[in-house]
Amino acid sequence: LTVEMLKDDSWEKENYKVNINAMGVVPEQGYRHPLNKVKNEFKQIFLDMGFEEMPTFNFVENGFWNFDALFQPQQHPARELQDTFFIKDPKTSHDFSDEYAERVKQVHSVGGYGSLGWVYDWKLEEAEKNILRTHTTAVSARMLYKLAQNGFKPKKYFSIDRVFRNETLDATHLAEFHQVEGVIADVDISLGHLIGVISEFFKRLGIDNIRFKPAFNPYTEPSMEIFGYHPMLKRWVELGNSGIFRPELLLPMGIPDNVRVAAWGLSLERPTMIKYGLDNIRAIFGNSINV
Ligand SMILES: COC[C@@H]1[C@H](c2ccc(C#Cc3ccccc3)cc2)[C@@H]2CN(C(=O)Nc3ccc(OC4CC4)cc3)C[C@@H](O)[C@@H](O)CN12
């Protein structure tokens with residue numbers, strides 16, 4: 001029985017035997033995207049470890065929360081056109097208090113809290129420029145500021161969402177990726193706590209042999225790169241980056257000076273590519289491979 005036979009009514013001249021035991025045709029159905037499957041796995045681990053999800057739905061940020069509040073100086077190369085997407089319209093936004101902006105201006109330009117600062121002329125116009133966020137750490141900054149302003153209490157936050165970098169595209173680099181970030185804020189958090197939490201996080205992902213290497217980030221000191229021996233790949237793999245947020249970031253927010261905030265970050269694409277044996281990142285985003 002074909003579509004043509006149904007169309008030209010030739011089906012009427014045929015004889016049929018109906019097999020009433022034949023199974024129906026399995027209907028075509030949707031499938032979860034690999035990135036979302038890995039995202040849900042990571043989300044469940046964070047929730048099981050007592051982390052609360054941060055609100056990361058706004059992709060547009062301003063330079064203030066994405067860089068200045070994180071003590072990232074305005075002349076830093078990451079803030080230039082070739083690394084950051086700037087928004088034409090609306091070009092600027094100002095969703096931070098003048099008192100807080102003044103403390104950020106001070107700590108950038110002349111230092112404070114025992115720091116020399118970055119010693120340059122900090123400009124409000126630079127901070128007001130709208131961009132596509134380059135990391136979800138901008139949302140962590142907003143959450144920590146709110147935590148400080150509403151009366152600090154110990155918190156564990158996480159975020160898993162899209163971030164945008166104006167980078168040259170290649171097989172493993174797109175102009176965007178999903179950042180995964182964990183943040184723990186409490187009195188007297190030490191590097192040992194951070195190492196312990198990161199170890200537990202990756203252990204639940206099947207990597208229980210991890211090592212740390214000193215690194216540098218503008219907004220964390222000390223900072224560590226994270227490496228893990230991947231049981232499936234049978235080799236060491238770079239897992240992400242981590243560190244303790246600097247006092248120049250926390251104190252202008254009003255976070256008490258006996259509180260430490262530690263954080264770590266990784267991506268969603270790298271583990272998904274490994275899990276599904278993909279060697280080209282575009283296989284994940286469904287663009288044609290040879291873009
Ligand atoms: C510009 O892109 C940077 C991205 C992305 C990354 C790196 C650092 C951070 C961060 C951070 C941070 C640091 C301090 C405080 C707060 C956040 C976030 C994302 C991955 C981070 N990386 C990465 O995801 N690697 C990775 C993660 C998991 C994994 O398997 C799962 C356990 C089973 C396998 C690999 C490391 C590399 O892929 C690196 O080459 C690419 N990195």
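Counting convention: from 1, in listed order, for ligands and their atoms alike. Just so it is clear, the structure is predicted and the values come from calculations on it, not from any experiment. Numbering starts at 1 and runs along the sequence shown.
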Peer 1: Checking a contact table here: which protein heavy atom is nearest atom 8 (C) of ligand 1, and how many Å away?
Peer 2: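 For this ligand atom, the closest protein heavy atom is Asn241 CB, 3.9 Å.
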Peer 1: Please check: side-chain N/O of Asn58 versus main-chain N/O of Val60, any donor-acceptor pairing under 3.5 Å?
Peer 2: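 The answer is yes, because a donor-acceptor pair under 3.5 Å joins these two groups.
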Peer 1: For Arg165, take its heavy atoms, then give the atoms of ligand 1 lying under 4.0 Å from any of them.
Peer 2: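 By the 4.0 Å cutoff, the relevant atoms are 1 (C).
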Peer 1: Would a hydrophobic clustering, with Ile, Leu, Val, Met, Phe, Trp and Tyr connected at side-chain separations under 4.5 Å, put Leu47 with Met143?
Peer 2: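 Shared cluster, no.
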Peer 1: Please check atom 18 (C) of ligand 1 for a protein heavy-atom neighbour under 4.0 Å.
Peer 2: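 Within 4.0 Å: yes, protein heavy atom nearby.
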Peer 1: Please tell me whether Tyr219 and Leu191 are part of a single hydrophobic cluster in this structure, the criterion being side-chain heavy atoms less than 4.5 Å apart.
Peer 2: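 Different clusters.
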Peer 1: Protein heavy atoms: any of them under 4.0 Å from atom 42 (N) of ligand 1?
Peer 2: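 When distances to the protein are checked, atom 42 (N) of ligand 1 has no heavy atom within 4.0 Å.
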Peer 1: Counting only heavy atoms, tell me which of Glu238, Glu167, Arg204 gets closest to atom 25 (N) of ligand 1.
Peer 2: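 Of the listed residues, Glu238 has the closest heavy atom.
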Peer 1: Taking non-hydrogen atoms only, is Ile207 closer than 4.0 angstrom to ligand 1 via side chain, backbone, both or neither?
Peer 2: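 The answer is the side chain of Ile207.
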Peer 1: Evaluate the side-chain proximity of His94 to Leu124: yes if any heavy-atom separation is below 4.5 Å, no if none is.
Peer 2: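 Yes, close enough: below the 4.5 Å cut-off.
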Peer 1: So which heavy atom in the protein is nearest atom 11 (C) of ligand 1, and how far is it from that ligand atom?
Peer 2: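 Residue, atom and distance for the closest contact: Gly265 CA, 3.5 Å.
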Peer 1: Which atoms of ligand 1 have any heavy atom of Glu181 under 4.0 Å away?
Peer 2: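 Reading through ligand 1 atom by atom, the close ones are 16 (C), 17 (C).
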Peer 1: Just which atoms of ligand 1 are under 4.0 Å from any heavy atom in Ser242?
Peer 2: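 Answer, ordered by atom number: 13 (C), 14 (C).
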Peer 1: What residue and atom, counting heavy atoms only, is the protein's closest point to atom 23 (C) of ligand 1, and at what distance?
Peer 2: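 Atom 23 (C) of ligand 1 sits closest to the protein heavy atom Leu239 O, 3.3 Å.
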Peer 1: Can you check whether Glu225's main-chain N or O pairs, donor with acceptor, with Arg211's side chain at less than 3.5 Å?
Peer 2: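 Not a single qualifying donor-acceptor pair exists.
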Peer 1: Which residue owns the protein heavy atom closest to atom 15 (C) of ligand 1, what's the atom, and how far is it?
Peer 2: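 Result for atom 15 (C) of ligand 1: Ala263 CB, 3.7 Å.
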Peer 1: Checking the N or O distance criterion of under 3.5 Å, is ligand 1 in contact with Ser267?
Peer 2: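 Between Ser267 and ligand 1, an N or O pair is found under 3.5 Å apart.
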Peer 1: Just heavy atoms, cut-off under 4.0 Å: does Val237 contact ligand 1 by side chain, backbone, both, or neither?
Peer 2: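 Side chain only; the backbone of Val237 stays clear of ligand 1.
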Peer 1: Can an N or O of Thr137 be found at a distance shorter than 3.5 Å from an N or O of ligand 1?
Peer 2: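 So ligand 1 has no N or O lying under 3.5 Å from an N or O of Thr137.
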Peer 1: Can any side-chain N or O of Ser93 pair as donor or acceptor with the backbone N or O of Glu61 at less than 3.5 Å?
Peer 2: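 Flag not set: sc Ser93 to bb Glu61 has no pair under 3.5 Å.
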Peer 1: What is the closest protein heavy atom to atom 3 (C) of ligand 1, and at what distance does it sit?
Peer 2: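 For atom 3 (C) of ligand 1, the nearest protein heavy atom comes out as Phe177 CZ, 4.2 Å.
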Peer 1: Report the part of Glu269 (side chain from C-beta onward, or backbone N, CA, C, O) that has a heavy atom under 4.0 Å from ligand 1; answer both or neither where that applies.
Peer 2: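 Contact part for Glu269 vs ligand 1: neither.
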Peer 1: At a 4.0 Å threshold, what atoms of ligand 1 neighbour a non-hydrogen atom of Ile274?
Peer 2: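 Under 4.0 Å from Ile274, ligand 1 has these atoms: 34 (C).
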Peer 1: Between the side chains of Asp8 and Ser10, is a donor N or O closer than 3.5 angstrom to an acceptor N or O?
Peer 2: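 There is such a pair (donor and acceptor under 3.5 Å, judged by atom type) between the side chains of Asp8 and Ser10.
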Peer 1: Identify the protein heavy atom lying closest to atom 35 (C) of ligand 1, giving its residue, its atom name and the separation to 0.1 Å.
Peer 2: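 Heavy-atom neighbour on the protein nearest atom 35 (C) of ligand 1: Arg270 CG, 3.2 Å.
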Peer 1: Is it the side chain (CB and beyond), the backbone, both or neither of Lys275 that lies under 4.0 Å from ligand 1, heavy atoms counted?
Peer 2: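 Contact part for Lys275 vs ligand 1: neither.
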Peer 1: For ring pair (Phe, Tyr, Trp, His ring centres under 6.0 Å), just list the numbers for Phe158 and Phe46, CA-CA rounded to whole Å, side-chain angles, deciding distance to a tenth of an Å, and then say yes or no.
Peer 2: CA-CA 7 Å; Phe158 78 94; Phe46 274 118; 4.7 Å; yes
Peer 1: Assess whether ring pair (Phe, Tyr, Trp, His ring centres under 6.0 Å) is satisfied between Phe96 and Tyr145, documenting all intermediate values.
Peer 2: CA-CA 10 Å; Phe96 43 89; Tyr145 177 74; 9.5 Å; no
Peer 1: Using a heavy-atom cut-off of under 4.0 Å, does the side chain or the backbone of Ser140 touch ligand 1, or both, or neither?
Peer 2: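 Neither part.
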Peer 1: Do Leu278 and Leu233 share a hydrophobic cluster, counting only Ile, Leu, Val, Met, Phe, Trp and Tyr and linking them when any side-chain heavy atoms are less than 4.5 Å apart?
Peer 2: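 Yes, Leu278 connects to Leu233 through the hydrophobic network.
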Peer 1: Step by step, would you call His178 with Phe42 a ring pair (Phe, Tyr, Trp, His ring centres under 6.0 Å)?
Peer 2: CA-CA 12 Å; His178 289 74; Phe42 283 20; over 10 Å; no
Peer 1: Evaluate Tyr100 against Trp65 for ring pair (Phe, Tyr, Trp, His ring centres under 6.0 Å), listing each step before the verdict.
Peer 2: CA-CA 11 Å; Tyr100 179 34; Trp65 290 108; 5.8 Å; yes
Peer 1: Quick check on contacts: which atoms of ligand 1 are under 4.0 angstrom from a heavy atom of Asn217?
Peer 2: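 Listed by number with element: 13 (C), 14 (C).
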Peer 1: Please classify the Val183 to ligand 1 contact at 4.0 Å (heavy-atom distances, strictly less than): side chain, backbone, both or neither.
Peer 2: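 For Val183, there is no contact with ligand 1 at all, from either part.
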Peer 1: Among protein heavy atoms, which sits nearest to atom 30 (O) of ligand 1, and what does the distance come to when rounded to 0.1 Å?
Peer 2: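 The closest one turns out to be Pro271 CB, 3.5 Å.
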Peer 1: In terms of hydrophobic clustering (I, L, V, M, F, W, Y; side-chain heavy atoms under 4.5 Å; direct or indirect links), are Ile189 and Leu250 co-clustered?
Peer 2: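 In one cluster with Ile189: Leu250, no.
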Peer 1: Do we see a donor-acceptor contact under 3.5 Å between the side chains of Asn40 and Gln44?
Peer 2: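 There is no such pair between these side chains.
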